[in-house]
Amino acid sequence: KEECFGGSVGSRAIVMDAADRNLFQIYQSERPDLNKVRMLMQQVMECVQHLHEKKLVHGDIKMLNVVRLSLDNRLRLIDLDAAAKFSRHGGDYVCSKFSSAILPPECFAKLDAGQVTKFEAYFEGVDAELREKVAPKVDKRGASYVVKTFSLDDKGAPKIDGLPYELVEASVAVDYWSLGALLFQLVAGEPLVPSNRDDDCVNAKSMAILASWNDDAAKRNLAVIKDAAAWDLASKLLVRDPDERAKFDIKLTLDTHPFFHPESG
């Protein structure tokens with residue numbers, strides 16, 4: 001089970017054998033059918049379940065961070081740079097590092113002009129690449145959207161002063177949304193929202209879709225999924241309320257959901 005994920009958390013490194021392909025390459029080159037998608041999603045969800053048992057949220061579940069090992073032809077989660085610890089008494093925050101197109105609604109903020117000024121002042125001293133990644137995305141009406149990200153101080157603690165929003169505590173709900181986005185792309189053949197090669201939202205419209213996600217948005221966006229069981233599973237993962245989403249049970253789903261047991265009807 002330790003080989004379900006690879007990367008580093010703190011000073012601990014987890015070493016894995018060489019991978020032959022990541023999930024994006026599998027998706028593009030092997031064009032998995034619905035039965036293959038079931039197998040792929042089962043393996044990813046088993047990895048996420050194991051990670052959550054260790055009280056860790058991955059925080060960046062996407063195709064590029066899922067690899068298949070040539071050793072046993074099974075998938076593993078890699079890249080724990082965005083991982084965060086969670087507990088009932090409060091844990092770390094998510095979004096210090098991120099891929100915005102796979103984040104849930106609670107990870108976005110809509111800023112007014114004063115808040116944008118405050119946000120830009122907070123990130124004024126960072127390098128150009130990071131500044132471009134975190135920069136507010138502005139729609140045609142002038143509304144600005146950002147990820148609720150933050151910087152770390154010299155001791156690795158989040159720098160909260162100066163931010164125009166509250167940070168998002170680590171929760172399994174963040175990973176569940178990303179699993180829904182992953183399932184959507186594998187089944188629908190397109191990302192949940194338009195995104196670039198780094199899985200970041202391409203513009204303010206993409207970010208606004210996620211930030212303002214509701215039941216109507218879910219019905220509209222999930223309508224492209226034609227398989228009823230896949231639609232039902234995606235609808236249980238892509239839930240706006242993080243408290244409701246956190247109730248999702250991976251083990252029960254793998255054991256009983258019709259998507260993983262099509263013979264049940």
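As the structure is a prediction and not an experimental result, all values here were calculated from the model. Just so it is clear, the values below take in all heavy atoms, side chains as well, and ignore hydrogens, waters and symmetry mates.
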Margin query: Just verifying a value: how many Å separate F98 CZ and D60 CG, rounded to the nearest 0.5 Å?
Written below: 10.0 Å
Notebook entry, point to check: Side chain of E132, backbone of E129: donor and acceptor closer than 3.5 Å?
Noted result: no
Notebook entry, point to check: Just by distance, do the side chain of H58 and the backbone of H52 share a donor-acceptor pair under 3.5 Å?
Noted result: no
Item checked: pair L238-L192: side-chain heavy atoms closer than 4.5 Å -> yes
Margin query: Taking salt bridge (Lys or Arg N to Asp or Glu O under 4.0 Å) as the definition, give me every residue that meets it alongside R21, ordered by chain and number, with sequence neighbours left out.
Written below: E30
Next item on the list: Would you mind reporting whether V146 and F108 have side-chain heavy atoms less than 4.5 Å apart?
Entry: no
Next item on the list: With the side chain counted from C-beta on, respond yes when M63 and L182 share a heavy-atom pair under 4.5 Å apart, and no when they do not.
Entry: yes
Check: Can you find a heavy atom in the side chain of L210 that is under 4.5 Å from one in the side chain of L103?
Finding: no
Margin query: Taking the side chain as everything from C-beta on, heavy atoms only, tell me whether H257 gets closer than 4.5 Å to D232.
Written below: yes
Check: Under 3.5 Å, is there a donor-acceptor pair between the side chain of R38 and the main chain of F259?
Finding: yes
Check: Between V224 and I209, is there a shared hydrophobic cluster once you connect ILVMFWY residues whose side-chain heavy atoms come closer than 4.5 Å?
Finding: yes
Note to self: V126 vs V134, test: side-chain contact (heavy atoms from CB on, under 4.5 Å). Steps then yes/no.
What the structure shows: CA-CA 10 Å; V126 302; V134 304; 5.5 Å; no
Note to self: So does I102 get a backbone contact from the side chain of S178, meaning a donor-acceptor N/O pair under 3.5 Å?
What the structure shows: yes
Note to self: Quick check: is V193 connected to V138 through a chain of hydrophobic side chains (ILVMFWY, heavy atoms under 4.5 Å apart)?
What the structure shows: no
Item checked: Nearest heavy-atom neighbours spanning R197 and L64 -> O-CD1, 3.6 Å
Checklist line | Under 3.5 Å: donor-acceptor pair, side chain of S100, backbone of C201 | finding: yes
Margin query: Return the OG1 to OH distance between T149 and Y122, rounded to the nearest 0.5 Å.
Written below: 7.5 Å
Check: Does the cation-pi check pass for K247 over Y176, that is, NZ or CZ under 6.0 Å from the six-membered ring centre and within 45° of its axis?
Finding: no
Check: For the atom pair NZ (K205) and NZ (K140), what is the distance rounded to the nearest 0.5 Å?
Finding: 7.5 Å
Notebook entry, point to check: In Å and rounded to the nearest 0.5 Å, what is the CG to CG distance from L75 to N22?
Noted result: 10.5 Å
Notebook entry, point to check: Is the closest side-chain heavy-atom distance between L40 and V66 below 4.5 Å?
Noted result: no
Checklist line | Test item: H261 side-chain N/O and L254 main-chain N/O as donor-acceptor pair under 3.5 Å | finding: yes
Item checked: Residues that R240 engages under side-chain contact (heavy atoms from CB on, under 4.5 Å), provided they are two or more places apart -> P105, W213
Next item on the list: Report yes or no: do L167 and V116 belong to one cluster of Ile/Leu/Val/Met/Phe/Trp/Tyr joined by side chain heavy-atom distances under 4.5 Å?
Entry: yes
Item checked: Y165 vs Q115 side-chain heavy atoms within contact, under 4.5 Å -> no
Notebook entry, point to check: What heavy-atom pair brings R76 and C47 nearest, and what distance separates the two atoms?
Noted result: CA-SG, 4.1 Å
Next item on the list: Measure from the side-chain N and O atoms of D198 to the backbone N and O of D200, and report whether any donor-acceptor pair falls under 3.5 Å.
Entry: no
Check: So, D175 side chain and G59 main chain: donor-acceptor pair closer than 3.5 Å or not?
Finding: yes
Item checked: Contact summary for L222 and S235, nearest pair of heavy atoms -> CD1-CA, 3.7 Å
Next item on the list: Taking all heavy atoms of L163 and all of K159, pick out the closest pair and write down the distance.
Entry: CD1-O, 3.7 Å
Next item on the list: State, to 0.1 Å, how close K148 and C95 come at their nearest heavy-atom pair, and which atoms those are.
Entry: O-CB, 3.5 Å
Next item on the list: With the side chain counted from C-beta on, respond yes when L237 and W177 share a heavy-atom pair under 4.5 Å apart, and no when they do not.
Entry: no
Next item on the list: Treat each ILVMFWY residue as a node, draw an edge where side-chain heavy atoms are under 4.5 Å apart, and state whether V57 and V239 are in one component.
Entry: no
Next item on the list: With rounding to the nearest 0.5 Å, note down the distance linking CZ in F248 to NZ in K236.
Entry: 8.5 Å
Note to self: Give me the atom names and distance for the closest heavy-atom approach of A234 to I225.
What the structure shows: CB-CD1, 3.9 Å
Next item on the list: Can you measure from CE (M207) to OG (S195) and round to the nearest 0.5 angstrom?
Entry: 11.0 Å
Check: Is it true that a side-chain atom of S206 and a backbone atom of P194 form a donor plus acceptor pair closer than 3.5 Å?
Finding: yes
Margin query: Under 4.5 Å between side-chain heavy atoms, counting indirect links through other Ile/Leu/Val/Met/Phe/Trp/Tyr residues: same cluster for L179 and L252 or not?
Written below: no
Checklist line | side-chain contact (heavy atoms from CB on, under 4.5 Å) evaluation trace for R74 with E46 | finding: CA-CA 11 Å; R74 290 181 61 84; E46 287 172 349; 2.9 Å; yes
Next item on the list: Classify the ring geometry between F123 and F119 as parallel (under 30°), tilted (30 to 60°) or perpendicular (over 60°).
Entry: tilted
Note to self: Regarding K251 and D255, does a basic nitrogen lie under 4.0 Å from an acidic carboxylate oxygen?
What the structure shows: yes
Check: Do Y27 side-chain atoms and G189 backbone N/O form a donor-acceptor pair below 3.5 Å?
Finding: yes
Next item on the list: Give the intermediate values and the outcome of side-chain contact (heavy atoms from CB on, under 4.5 Å) for residues F184 and E190.
Entry: CA-CA 8 Å; F184 181 93; E190 61 187 60; 4.0 Å; yes
Check: Taking the inter-plane angle between the rings of Y93 and F150 on a 0 to 90° scale, is it parallel (under 30°), tilted (30 to 60°) or perpendicular (over 60°)?
Finding: perpendicular
Check: Can you check side-chain contact (heavy atoms from CB on, under 4.5 Å) on E53 and H50, steps first, answer last?
Finding: CA-CA 5 Å; E53 288 172 354; H50 177 63; 4.0 Å; yes
Next item on the list: May I ask you to say whether D20 pairs ionically with R68, meaning some side-chain N is under 4.0 Å from a carboxylate O?
Entry: yes
Item checked: Crowding at NZ, K97 (>12 non-hydrogen neighbours, <6.0 Å) -> no
